[in-house]
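Data first, discussion second: the structure below is written as structure tokens.
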Amino acid sequence: MSDVVSRGRGVRNLRTAIGYTLLILVALLFMSPLIFMIGTSLKAPSEIFSTPPSLFGSSLQWGNYAEVFSYAPFARYLVNGIVVAAGGTLITLAVSALSGYAFSRLRWRGRSATFMVFLATMMLPQEVIIVPAFVLMRELGWVNTYQALIVPWAFTALGAFLLRQFFITVPQELEDASRIDGLGQLGTFFRIMLPLARPSLAVLAVFTFITYWNSFLWPLVIVNDVTTLGTIPLGLQQFFGQQGTQWHLIMAASVISMLPSTVLLIALQRYLVRGIVTSGLGGR
């Protein structure tokens, strides 16, 4: 009997070892572009296209990261990107929480039809609405301003959908109990519903921040003065110039541009898995 048990444990341990080995190989496969980018950012320009290729050069050129900020106003691009992404994320969270609560907990005529029409806007690609959005910004006098970079994309159906999916799962008895305790509609929302929605808000915050941070087409259209209002994607273009492509600086700048999103993911990681499950993205 003991031989059968030990043999079964050995098979399970072997399967576990094989599984972890495959996971490590797949992880390395997906991380290989990131590793290549970091290695290239630490090479001298003459060693980037050396033969045979190498992951790192003969010496680590940490000065490439400092040169990024002297070659272009990259610090300004970072500040602009953080202002736009953080501002857009805060507005999106506020609007999505309110609209998600209204679509899930409030009873009003035409709620379902309005939500379906609102949800249908997710099928419109950005390229379709970018011209009317630019015309509207021009009429408002917002061209080449922060509000033009932030406001047009802060009212999206995705956020309302995510928060609505969460608020639907909250038991009605909890809301009824808050009413008995004397809370009104807004008090119930801010003191009961919103704290419970923190995991879903964290998921939406990560998605929204990364979307704003990586946005290229809209800033390219709406920004006239790249030096003053350029964001990270526009700033990376400055390394493609008449003097040739500065690949070592592009890779160094790309590594730097990853830091804000990485910090946000680390800060909110404990909410992300729970938020994805409760907000309707978990495949249930």
Side-chain angles (χ1 to χ4, degrees), residues 85-137 139-140 147-212 214-215 217-218 268 271-284:
T89 299
L90 291 176
I91 296 175
T92 301
L93 291 179
V95 172
S96 299
L98 290 169
S99 58
Y101 182 73
F103 281 125
S104 61
R105 313 300 293 194
L106 303 184
R107 298 292 183 265
W108 43 281
R109 182 177 299 178
R111 183 187 68 172
S112 298
T114 304
F115 180 70
M116 293 304 297
V117 172
F118 190 35
L119 202 61
T121 61
M122 294 176 61
M123 294 185 291
L124 295 175
Q126 186 186 50
E127 293 78 7
V128 173
I129 60 178
I130 199 167
V131 173
F134 176 81
V135 173
L136 178 61
M137 295 300 103
E139 294 299 320
L140 293 174
Q147 55 265 36
L149 289 168
I150 296 172
V151 173
W153 314 109
F155 304 88
T156 62
L158 176 62
F161 171 76
L162 291 179
L163 271 299
R164 175 184 178 273
Q165 293 302 105
F166 170 78
F167 287 134
I168 286 176
T169 64
V170 178
Q172 181 65 38
E173 291 77 11
L174 188 62
E175 190 172 357
D176 295 338
S178 67
R179 300 294 177 80
I180 294 174
D181 290 339
L183 290 178
Q185 199 77 59
L186 289 178
T188 301
F189 172 74
F190 284 107
R191 300 183 62 179
I192 304 297
M193 294 296 185
L194 206 56
L196 292 175
R198 281 181 294 185
S200 298
L201 290 172
V203 173
L204 180 59
V206 170
F207 286 171
T208 306
F209 187 92
I210 293 176
T211 299
Y212 271 102
N214 294 331
S215 178
L217 181 59
W218 178 245
L268 299 179
Y271 295 108
L272 292 181
V273 175
R274 187 158 50 121
I276 289 174
V277 172
T278 58
S279 58
L281 296 179
R284 294 185 303 165

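Reckoned from all heavy atoms, side chains included, excluding hydrogens, waters and symmetry mates.
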Does any N or O in the side chain of [X] come within less than 3.5 Å of the main-chain N or O of [Y], such that one atom is a donor and the other an acceptor?
X: S99; Y: S96; result: yes
X: T89; Y: A85; result: yes
X: R105; Y: M193; result: no
X: Y212; Y: L149; result: no

Heavy-atom check, side chain of [X] versus side chain of [Y], under 4.5 Å:
X: L162; Y: S200; answer: no
X: L140; Y: Q147; answer: no
X: W153; Y: I129; answer: yes
X: Q185; Y: Y101; answer: yes
X: L163; Y: L201; answer: yes
X: F161; Y: F115; answer: yes
X: L174; Y: L196; answer: yes
X: M137; Y: V151; answer: no

Practice item. Step through the shown structure and confirm whether more than 12 heavy atoms of other residues, nucleotides or ligands are within 6.0 Å of CZ on R111. Key: yes

Check your understanding: Considering residues, nucleotides and ligands other than R198, do more than 12 of their heavy atoms fall under 6.0 Å from its CZ?
Key -> no

Revision key, fill the gap. Residues I150 and G87: closest non-hydrogen pair is CG2-C, 3.9 Å

